[in-house]
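Comments concern the structure below.
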Amino acid sequence: AGLERLEHLDLAGCVDLTSHALVMVSRGCAELAHLELEECLQVSDEGLHALALGCTQLQRVWHSHCTNISDDGVFALLAGCLQLKQLAIDGCDAISSEVLTRLGPALEQIDVFDCRLITEAACTQAGVRTPHVRVRSSYPWLTGIDLRRPGALGPMNLHNRFMDVIDGIGISGPASNSPLVSNCSIL
């Protein structure tokens, strides 16, 4: 009782938190807008389905490294939470590229770092279909490439307006003023 107006809930690192707890949250926190669930290892699709039904005001959900969720739970969240702007599903091993074909209308950013079943091609295609969404992903094929050398990336067609490179360099937007990428013909 008394949590009906709760807007922010951070449960990150609660490794024993179950989907049953999320069912309870969904029943009592209809105004919830931001939910942090990183590394809640017991959370499954059942919990995401409950959130999609009871917490339809969600705008930001981080459930990185929740290894028991799959496409099914993410689809439910995207379908039920139409105001969802940010979604992090990093390191969720059971989530596939199919998720990137069903991005919600309000979604602005989705993080898919270390999702083994999400391909580079799917990230690029998501950029074509939904250019308003920033798809953030790991690009291991960029390791060791000197972006100062013209043509270092070879022939590429970046359909998404944003590309983030993790582990040392970050490139955002259609162009960058950084000297590191000043000679990069694709930016």
- Task: Enumerate the residue pairs fulfilling salt bridge (charged side-chain N to carboxylate O under 4.0 Å, His left out) with a member in residues 46-62, sequence neighbours excluded, ordered by first and then second residue.
- Result: E36-R60
What side-chain donor-acceptor pairs closer than 3.5 Å can you find for residues 76-83, not counting sequence neighbours?
unit_1 : atom_1 : unit_2 : atom_2 : d
Q83    : NE2    : Q57    : OE1    : 3.0

- Message: Does anything in residues 22-32 form a side chain to side chain donor-acceptor pair (under 3.5 Å)? List the pairs, not counting sequence neighbours.
- Response: none
- Task: Work out which heavy atom in H63 is nearest to a heavy atom in V74; give both atom names and the distance.
- Result: NE2-CG2, 4.1 Å
- Message: Could you walk me through whether N68 and D45 satisfy the side chain to side chain contact (heavy atoms under 4.5 Å, CB included) test, starting with their C-alpha distance in whole Å, then the side-chain angles of each, then the deciding distance to 0.1 Å, before giving a yes or no?
- Response: CA-CA 7 Å; N68 286 322; D45 292 339; over 6 Å; no
- Check step by step if side chain to side chain donor-acceptor pair (under 3.5 Å) holds for S64 and D90. CA-CA 4 Å; S64 303; D90 315 71; 2.7 Å; yes
- What is the distance from atom CG of D10 to atom CG of L37, rounded to the nearest 0.5 Å? 8.5 Å
- Message: Quick check: is L103 connected to V61 through a chain of hydrophobic side chains (ILVMFWY, heavy atoms under 4.5 Å apart)?
- Response: yes
- Message: Minimum heavy-atom separation for S44 and S19, please, with both atom names.
- Response: N-OG, 2.7 Å
- Item | Expected output: side-chain D16 to main-chain Q42 donor-acceptor under 3.5 Å | no
- Message: I need the full list of side chain to side chain donor-acceptor pair (under 3.5 Å) pairs touching residues 98-113, with sequence neighbours left out, sorted by first then second residue.
- Response: E98-T101, Q109-D111, D111-R136
- Is D114 reaching over with its side chain to a backbone N or O of G91, donor-acceptor style, under 3.5 angstrom? no
- Query: How long is the gap from CG on L32 to CD on Q59, to the nearest 0.5 Å?
  - Reply: 10.0 Å
- When every non-hydrogen atom of D71 is compared with those of I95, the smallest separation belongs to OD1-CA, 3.2 Å
- Interatomic spacing from CD in Q86 to CG in L58 - rounded to 0.5 Å: 12.0 Å
- Message: Going by ring pair (Phe, Tyr, Trp, His ring centres under 6.0 Å), name the residues that satisfy it together with H34, two or more places apart in sequence or in a different chain.
- Response: H8
- Considering only heavy atoms from C-beta outward, does the side chain of I69 approach that of V43 to under 4.5 Å? yes
- Note on the structure: Between C29 and L6, the two heavy atoms sitting closest are SG-CD2, 4.1 Å
- Tell me, please, which residues at least two apart from C14 pass side-chain contact (heavy atoms from CB on, under 4.5 Å). L11, L17, C40
- Message: Restricting to non-hydrogen atoms, name the atom on I89 and the atom on V99 that form the minimum distance, rounded to 0.1 Å.
- Response: CD1-CG1, 4.2 Å
- Message: Side chains of L35 and C55, heavy atoms from C-beta outward: is any pair under 4.5 Å?
- Response: no
- Do the side chain of S97 and the main chain of T119 share a donor and acceptor less than 3.5 angstrom apart? yes
- CG (L41) and NE2 (H65) are apart, to the nearest 0.5 Å, by 10.0 Å
- Message: Are L48 and M24 connected into the same hydrophobic cluster when the rule is that any two of I, L, V, M, F, W, Y join if their side-chain heavy atoms are below 4.5 Å apart?
- Response: no
- Task: Return the minimal non-hydrogen interatomic distance between E39 and C66, and the atom names on each side.
- Result: N-SG, 4.2 Å
- Message: Other residues, nucleotides and ligands only: do more than 12 of their heavy atoms fall within 6.0 Å of CZ on R116?
- Response: no
- Query: Within the side chain of T56, is there an N or O that forms a donor-acceptor pair under 3.5 Å with the backbone of A52?
  - Reply: no
- Does any donor atom in the side chain of T67 or D93 lie under 3.5 Å from an acceptor atom in the other side chain? no
- Do the side chains of L87 and L9 join up, straight or via other hydrophobic residues, at under 4.5 Å, putting them in one cluster? yes
